S.K.: 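What follows is a single structure, and I will ask about it in a moment.
Bear in mind that the values here come from a model prediction, so they are computed numbers and not experimental data. Numbers for residues simply follow the sequence, beginning at 1. When reading the values below, keep in mind they use all heavy atoms of this one structure, side chains included, and skip hydrogens, waters and symmetry mates.
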Amino acid sequence: MFDLLVKGGTLPDGRMADIAVSGDRIAEVAPKIDAEAREVIDATGDLVAPPFVDPHFHMDATLSYGLPRVNASGTLLEGISLWGELRDLATVDEMVERALRYCDWAVSMGLLAVRSHVDTTPDHLNTVTAMLEVREKVKPYLDLQLVAFPQDGLYRAPTGRDNVIRALDMGVDVVGGIPHFERTMQDGAASVRDLCEIAAERGLPIDLHCDETDDPHSRHVETLAYEVQRLGLGGRATGSHLTSMHSMDNYYVSKLLPLIAEAGVAAIPNPLINIVLQGRHDTFPKRRGLTRVKEMQALGIDVGWGQDCVLDPWYSLGTADMLDVAFMGLHVAQMTHPDEMARCFTMVTETNAKIIGLDGYGLAKGCTASLVVLDAADPTEAVRLRPSRLAVVSKGKVVSRSARGDGSLTIPGRPEAVRRRRGG
């Protein structure tokens, strides 16, 4: 007898299949499984997908919008300044409570893996202490990776480098950085080199906030690609944001992108946040700041969508829904071909899982039994509707359920029920 049986679902590749679960693993995937199970989920006509994955988030700051006050200018720099005040006011318990509340939201949306950058600037490292506690608390149902992130700069902050090392020694998983926030371009390049060497020495992944600026001369991703290739970090290195590429000279980009591809550096644009924060100094035409997504994908670079922020000093909205992220990314990157729309769904599932190195991910026999049943027929419809998560299964257990998103009408001569699904 199986512990769980998901019947009749449509997989992202279009196959219809039953999925049987024993313990925390997928035991069988087949067109039809005739067997007893302790629990059965009828997914007939619904999309069954592996869980959503967010490869770029800031959980130490989440759900803190308005503290200590609202970001009046809406700029990245004012957000950093506000957070600089808040991180010294917030207690460990407060950060844990906010993060756990956000994780509840995430689970309800089928988001079961998150890579979160954790600010290592303050010497007290309360941010790190809090997020390590959260990682342990959510471990049974949500995979949380932590990045040692020197928000005020590896060298610009007096103890920036020392605190990154301390955080890694405390058990943080990934090396982070912010080279464009250093005092000079030279310091930024040096920080990339230093951080890559730290990652290589410790055998850790590296994920840098890289060139999150409208300045087309911010080109630290070039240094990242060089250092990753020199040190053999390909496949575990990521450049996040890369918004300066939006403004770069096309000839330079024609040289840059092959170097990124050759080095094996992945890219994580964050469309909700990038288009809100960038272009704030422009009149018109006003730049939107999203990096060159389709151009990178055409060269085989792994590009995933990240959420970045929810209700914090940088972003006043958000719901922990990675389909919101994919929906916005689709529009801003103009990914409207049917293949591109479907790819936007893959970017917040399989691609993101690959970028953060998530073990046991997928809907195949032997994979971790984590999946989501969506009120949609296929991946493109899921991006269009951002539909209800009818059931969320994490590591073999049903952790969330939602009702269908049908509406009702009381109009003579029209149907009583309204479904926004195709054919509904």
S.K.: For the pair Thr129 (side chain) and Leu125 (backbone), establish whether a donor and an acceptor sit closer than 3.5 Å, ignoring hydrogens and angles.
M.R.: yes
S.K.: Kindly compute the distance separating CG (Leu100) from CH2 (Trp105), expressed to the nearest 0.5 Å.
M.R.: 13.5 Å
S.K.: Side chains of Asp54 and Asn352: donor-acceptor distance under 3.5 Å anywhere?
M.R.: no
S.K.: Kindly give the heavy-atom pair with the smallest separation between Leu299 and Ala261, and that separation in Å.
M.R.: O-CB, 3.8 Å
S.K.: Using the ring pair (Phe, Tyr, Trp, His ring centres under 6.0 Å) criterion, which residues pair with Phe52? Sequence neighbours excluded.
M.R.: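 For Phe52, the residues satisfying ring pair (Phe, Tyr, Trp, His ring centres under 6.0 Å) (neighbours in sequence not counted) are Phe345.
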S.K.: Going by the rule side-chain contact (heavy atoms from CB on, under 4.5 Å), which residues pair with Ser316 if we only count those two or more places apart in sequence or in a different chain?
M.R.: Tyr65
S.K.: Apply side-chain hydrogen bond (donor to acceptor under 3.5 Å, both in side chains) to Tyr315 and list each qualifying residue two or more places apart in sequence or on a separate chain.
M.R.: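 Expected list: none.
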S.K.: Closest heavy-atom contact between Gly306 and Pro55?
M.R.: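 Distance-wise, the nearest heavy atoms are CA-CD, 3.9 Å.
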S.K.: Can you check whether Pro313's main-chain N or O pairs, donor with acceptor, with Asn71's side chain at less than 3.5 Å?
M.R.: yes
S.K.: Can you list the residues that meet the side-chain contact (heavy atoms from CB on, under 4.5 Å) rule with Asp406, with sequence neighbours excluded?
M.R.: Asp375, Arg404, Arg419
S.K.: Between Ser218 (side chain only) and Ser244 (backbone N and O only), is there a donor and an acceptor less than 3.5 Å apart?
M.R.: no
S.K.: Going from CD on Glu416 to OG1 on Thr410, what distance comes out if it is rounded to the nearest 0.5 angstrom?
M.R.: 9.5 Å
S.K.: Would you please name every residue forming a side-chain contact (heavy atoms from CB on, under 4.5 Å) with Glu39, sequence neighbours left out?
M.R.: Leu4, Val398, Arg401
S.K.: Take atom NZ of Lys7 as the centre, draw a 6.0 Å sphere, and report whether it contains more than 12 heavy atoms from other residues, nucleotides or ligands.
M.R.: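 Result for NZ/Lys7: enclosed.
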S.K.: Please check: side-chain N/O of Arg98 versus main-chain N/O of Thr62, any donor-acceptor pairing under 3.5 Å?
M.R.: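 Looks like yes, one N/O pair under 3.5 Å.
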S.K.: Given 3.5 Å as the limit, does a donor-acceptor pair link the side chain of Glu78 with the main chain of Ala72, or not?
M.R.: yes
S.K.: Hey, is CZ on Arg219 packed in by over 12 heavy atoms from elsewhere, all under 6.0 Å?
M.R.: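 Correct, the count exceeds 12.
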S.K.: Kindly list each side-chain donor-acceptor pair under 3.5 angstrom involving residues 329-339, sequence neighbours excluded, with atom names and distances?
M.R.:
{"residue": "His331", "atom": "ND1", "partner": "Phe327", "partner atom": "O", "Å": "2.7"}
{"residue": "His337", "atom": "ND1", "partner": "Asp339", "partner atom": "N", "Å": "3.0"}

S.K.: For the pair Glu381 and Arg420, find out whether any cationic side-chain nitrogen is under 4.0 Å from an anionic carboxylate oxygen.
M.R.: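 A salt bridge is absent here (no side-chain N lies under 4.0 Å from a carboxylate O).
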S.K.: Does atom OH (Tyr226) have a neighbourhood of more than 12 heavy atoms from anything else shown, all under 6.0 Å?
M.R.: no
S.K.: Go through the steps to decide whether Asp3 and Arg38 satisfy the test salt bridge (Lys or Arg N to Asp or Glu O under 4.0 Å), and finish with yes or no.
M.R.: CA-CA 5 Å; Asp3 294 314; Arg38 291 183 175 86; 2.6 Å; yes
S.K.: Using the test ring pair (Phe, Tyr, Trp, His ring centres under 6.0 Å), find all partners of His56 that sit at least two apart in sequence or belong to another chain.
M.R.: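 Only His58, His117, His209, His241 meet the ring pair (Phe, Tyr, Trp, His ring centres under 6.0 Å) criterion with His56.
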S.K.: I need the full list of salt bridge (Lys or Arg N to Asp or Glu O under 4.0 Å) pairs touching residues 60-76, with sequence neighbours left out, sorted by first then second residue.
M.R.: Arg69-Glu85
S.K.: Between Val303 and Val293, what is the shortest heavy-atom contact and its length?
M.R.: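 The answer is CG1-CG1, 4.0 Å.
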S.K.: Closest approach of Ser388 and Ser402, non-hydrogen atoms and distance?
M.R.: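 Closest approach of Ser388 to Ser402: CB-CB, 4.4 Å.
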S.K.: Hey, which of Thr238, Leu204, Asp207, Ile206 is the one that makes side chain to side chain contact (heavy atoms under 4.5 Å, CB included) with Val174?
M.R.: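 Output: one option passes, namely Asp207.
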S.K.: Restricting to pairs with a member in residues 317-326, which pass salt bridge (Lys or Arg N to Asp or Glu O under 4.0 Å), not counting sequence neighbours?
M.R.: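 Listed by first then second residue: Asp321-Arg389, Asp324-Arg386.
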S.K.: Sorted by first residue and then second, give each salt bridge (Lys or Arg N to Asp or Glu O under 4.0 Å) pair with at least one member in residues 300-320; sequence neighbours left out.
M.R.: Asp302-Lys354
S.K.: Is a donor on one side and an acceptor on the other found under 3.5 Å between the side chain of Thr120 and the backbone of Ala167?
M.R.: no
S.K.: Between Asp173 and Leu146, is there a donor-acceptor pair closer than 3.5 Å when you use the side chain of the first and the backbone of the second?
M.R.: yes
S.K.: Where the side chain of Thr223 meets the backbone of Val192, is there a donor-acceptor pair that is under 3.5 Å apart?
M.R.: no
S.K.: Please say which of Asp143, Leu112, Val21 ends up in a side chain to side chain contact (heavy atoms under 4.5 Å, CB included) with Lys395.
M.R.: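 Option passing the side chain to side chain contact (heavy atoms under 4.5 Å, CB included) with Lys395: Asp143.
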S.K.: Count the heavy atoms belonging to other residues, nucleotides or ligands that lie under 6.0 Å from NZ of Lys294, then report whether that count exceeds 12.
M.R.: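 Counting other residues, nucleotides and ligands, NZ of Lys294 exceeds 12 neighbours.
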S.K.: Show your working on side-chain hydrogen bond (donor to acceptor under 3.5 Å, both in side chains) between Asp93 and Thr91 and close with a plain yes or no.
M.R.: CA-CA 5 Å; Asp93 288 345; Thr91 67; 5.4 Å; no
S.K.: Any donor-acceptor pair under 3.5 Å linking the side chain of Thr159 with the backbone of Asp162?
M.R.: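 No, because the side chain of Thr159 does not come within donor-acceptor range (under 3.5 Å) of the backbone of Asp162.
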S.K.: Do His246 and Asp214 have side-chain atoms, one donor and one acceptor, less than 3.5 Å apart?
M.R.: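 On atom types as modelled, these side chains do not qualify, holding no pair under 3.5 Å.
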S.K.: Please list, chain by chain and in numerical order, all residues satisfying side-chain contact (heavy atoms from CB on, under 4.5 Å) with Thr380, sequence neighbours excluded.
M.R.: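 If we apply the side-chain contact (heavy atoms from CB on, under 4.5 Å) test to Thr380, skipping adjacent residues, the hits are Met341, Ala342, Asp378.
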S.K.: What's the spacing between Arg288 CZ and Ile275 CD1 if we round to 0.5 Å?
M.R.: 5.5 Å
S.K.: Under a 3.5 Å distance rule, please check whether Asn274 uses its side chain to pair with a backbone N or O of Leu290 as donor and acceptor.
M.R.: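 Side chain of Asn274 to backbone of Leu290: no pair is present.
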S.K.: Minimum heavy-atom separation for Met322 to Trp305, with atom names?
M.R.: CE-O, 3.5 Å
S.K.: Closest heavy-atom contact between Ala130 and Val96?
M.R.: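 Scanning both residues, the minimum pair turns out to be O-CG2, 3.6 Å.
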S.K.: If I take atom OG1 from residue Thr291 and atom CD1 from residue Ile268, how far apart are they, to the nearest 0.5 angstrom?
M.R.: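 If I round to the nearest 0.5 Å, the distance is 12.0 Å.
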S.K.: Nearest 0.5 Å, please: how far is CZ in Arg421 from CZ in Arg384?
M.R.: 10.0 Å
S.K.: Taking side-chain hydrogen bond (donor to acceptor under 3.5 Å, both in side chains) as the cut-off, I'd like each qualifying pair that reaches into residues 358-370, sequence neighbours left out, listed once.
M.R.: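 Listed once each, the pairs are Arg25-Thr368.
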